[in-house]
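Here is the structure we will look at, set down as structure tokens.
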Protein chains: 2
Amino acid sequence: MERYFKKIEEHLASLDPETLSRLNDISSERIYPKGSFLLEAGNICRHSFFMLEGTARKYSLHDGKEITTEFYFKDDIAVSFRSYGLQIPSEEYIEAVEDCKVSITDYYQYEALKKESLQIATLDLLIMEYYALWLEEKLYQQRTMDATERYVSLLNKNTEIIQQMKVGHIASYLGVSFETLSRIRKRLSA
Amino acid sequence: MERYFKKIEEHLASLDPETLSRLNDISSERIYPKGSFLLEAGNICRHSFFMLEGTARKYSLHDGKEITTEFYFKDDIAVSFRSYGLQIPSEEYIEAVEDCKVSITDYYQYEALKKESLQIATLDLLIMEYYALWLEEKLYQQRTMDATERYVSLLNKNTEIIQQMKVGHIASYLGVSFETLSRIRKRLSA
DNA sequence: CGAGGCCTTGACCGCGGTCAATGCCCGTGG
DNA sequence: CCACGGGCATTGACCGCGGTCAAGGCCTCG
């Protein structure tokens with residue numbers, strides 16, 4: 001996975017100044033206070049959110065319960081991919097866990113840019129490929145690891161999630177009930 | 001999801017004849033007999049396989065057991081995405097379930113083409129986006145549906161899988177043991 | 001100081017996994 | 001042509017992981 005970061009960074013570094021400035025032209029900054037929503041279910045996700053400061057999470061509701069699907073930190077891109085890509089109403093919420101400063105890019109302007117600029121299309125492709133790798137990894141972990149193993153894996157690889165997010169949100173992210181996660185933590189600390 | 005097919009088809013229809021012929025130039029046809037491997041674990045996935053005829057499946061081994069991750073039919077693209085994208089040894093096998101006729105495209109030649117052609121880069125992006133949507137859907141089903149519901153969903157949406165693939169392979173695809181799937185089928189037929 | 005969120009802990013139980021026996025279908029060779 | 005063996009599916013017995021329900025503890029903030 002780290003190799004992919006490198007690929008993306010190299011590509012970013014190789015962008016024309018002109019391309020960069022055009023990207024800048026279609027982006028604007030905005031602050032979302034803690035607890036507010038960058039996106040709510042029912043609305044179409046018309047923007048992508050590049051995280052400049054703060055933390056956020058994405059979740060959906062199922063039988064009245066929240067299923068956290070992703071956490072966002074500095075430099076992550078927050079978006080409901082399904083709603084954004086198809087421009088259909090979202091089933092997901094994106095919530096500011098802390099005050100967030102984000103760079104917002106409009107879907108249509110970005111799409112137009114992608115149609116003109118090979119550099120942007122390539123950037124987008126790299127990001128998509130990274131997301132697909134991440135999804136494959138999650139799916140594989142879900143199949144092959146039990147709840148404790150998944151927690152330990154998160155503990156090792158994503159310390160910031162463990163430290164900054166609530167137990168309940170981490171639990172649904174791992175695909176277990178918060179009671180079970182509580183017991184797992186107890187067992188591990190013993 | 002169907003909307004995505006449309007998007008991809010429209011894009012394919014809009015391709016320059018020249019672009020198409022260049023794609024053709026870097027592809028070649030090949031037959032894989034039933035039971036043979038388009039890709040074996042340990043090897044780097046240096047090609048993508050566009051299915052012209054026959055059926056195939058992708059799987060990995062975990063604790064000596066096969067986990068089927070994808071089935072391929074006519075017009076599908078078979079590839080171990082992780083191995084292909086990162087050009088690292090594969091953990092997955094792609095096996096011809098029946099005799100297969102495929103169109104093979106070389107990774108490096110395709111990458112080179114992507115760097116030159118916005119149309120090809122866009123095509124690749126559309127395919128990636130479709131794959132990511134598919135992965136998101138699988139992950140969501142895994143979280144929210146029990147074994148029976150997942151089977152019924154497959155029954156409704158992917159008849160060809162149910163009809164043409166072995167119970168054992170369908171079971172691991174659904175994330176259950178084949179004994180459990182056997183019981184589910186019995187219950188449903190009653 | 002009281003209320004509401006969040007986490008912990010206990011009791012209970014069901015889905016689905018494992019192990020093992022049996023059945024069934026089919027290809028192969030005597 | 002039948003007998004045997006291998007591969008695949010079915011079925012039963014058992015049990016453990018993790019879900020649900022419910023009670024209780026602990027902060028934080030108004």
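Chain identifiers are assigned alphabetically (A, B, ...) following the order of the sequence lines, protein sequences preceding nucleic acid strands; residue numbering begins at 1 within each chain.
The distance from atom CD of A:Glu149 to atom P of D:dC17 is 11 Å, rounded to the nearest whole Å. Taking atom CZ of residue B:Arg150 and atom C1' of nucleotide C:dG16, one finds them 10 Å apart after rounding to whole Å. One interatomic measurement links the two molecules: CD of B:Gln142 to C1' of D:dG18, which rounds to 15 Å at whole-angstrom precision. The CG atom of A:Asp146 sits 10 Å away from the C1' atom of D:dG18 (whole-angstrom rounding). When rounded to the nearest whole Å, the span between CD1 of A:Ile184 and P of C:dC7 equals 15 Å. Distance CZ (A:Arg185) to P (C:dT9): 11 Å, rounded to an integer number of Å. In this structure, B:Ile170 atom CD1 and D:dT10 atom P are separated by 11 Å, rounded to whole Å. Atom CD of B:Glu66 is separated from atom P of D:dG7 by 13 Å (rounded to the nearest Å).
Note: B:Trp134 and B:Tyr173 have tilted aromatic rings, judged against thresholds of 30 and 60 degrees for the angle between ring planes.
With sequence neighbours excluded, no residue satisfies side-chain hydrogen bond (donor to acceptor under 3.5 Å, both in side chains) with A:Ser83. In this structure, the ring-ring contact (aromatic ring centres under 6.0 Å, His included) partners of A:Tyr93, at least two apart in sequence or on a different chain, are A:Phe37, A:Tyr59.
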Determine, stepwise, if the pair A:Glu66 / A:Lys58 fulfils salt bridge (charged side-chain N to carboxylate O under 4.0 Å, His left out). CA-CA 10 Å; A:Glu66 296 181 1; A:Lys58 183 180 72 187; over 6 Å; no
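The hydrophobic clustering, which links ILVMFWY residues whose side-chain heavy atoms are closer than 4.5 Å, places A:Ile94 and A:Tyr32 together.
You'll find that the side chain of A:Ser182 is closest to C:dT8, out of C:dG16, C:dC6, C:dT8. Of the candidate nucleotides C:dT8, C:dG16, D:dT11, D:dT11 has the atom nearest to the side chain of B:Lys186.
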Can you list, pair by pair, the side-chain donor-acceptor contacts under 3.5 Å of residues 121-132 of chain A, counting residues two or more places apart and other chains?
unit_1   : atom_1 : unit_2   : atom_2 : d
A:Thr122 : OG1    : A:Leu118 : O      : 2.8
A:Asp124 : OD1    : A:Tyr110 : OH     : 2.8
A:Asp124 : OD2    : A:Lys114 : NZ     : 2.8
A:Glu129 : OE1    : A:Tyr4   : OH     : 2.1
A:Tyr131 : OH     : B:Glu136 : OE2    : 2.4

Classify every nucleotide of nucleotides 21-30 of chain D by which part a protein heavy atom approaches to under 4.0 Å, writing B for the base, S for the sugar-phosphate alone and - for neither, in 5'-to-3' order. B---------
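Shown here is B:Gln164, whose CD atom has more than 12 heavy atoms of other residues, nucleotides or ligands within 6.0 Å.
Using modelled atom types, no side-chain atom of A:Thr180 and backbone atom of A:Val176 make a donor-acceptor pair closer than 3.5 Å.
Distances shown here put every side-chain N or O of B:Ser177 at or beyond 4.0 Å from the OP1 or OP2 atom of C:dG16.
Through direct or relayed side-chain contacts under 4.5 Å between Ile, Leu, Val, Met, Phe, Trp and Tyr, B:Phe178 connects to no other residue.
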I'd like a table of atom pairs between the protein and nucleotides 23-27 of chain C - only N or O on both sides, under 3.5 Å - with the distance next to each one.
none

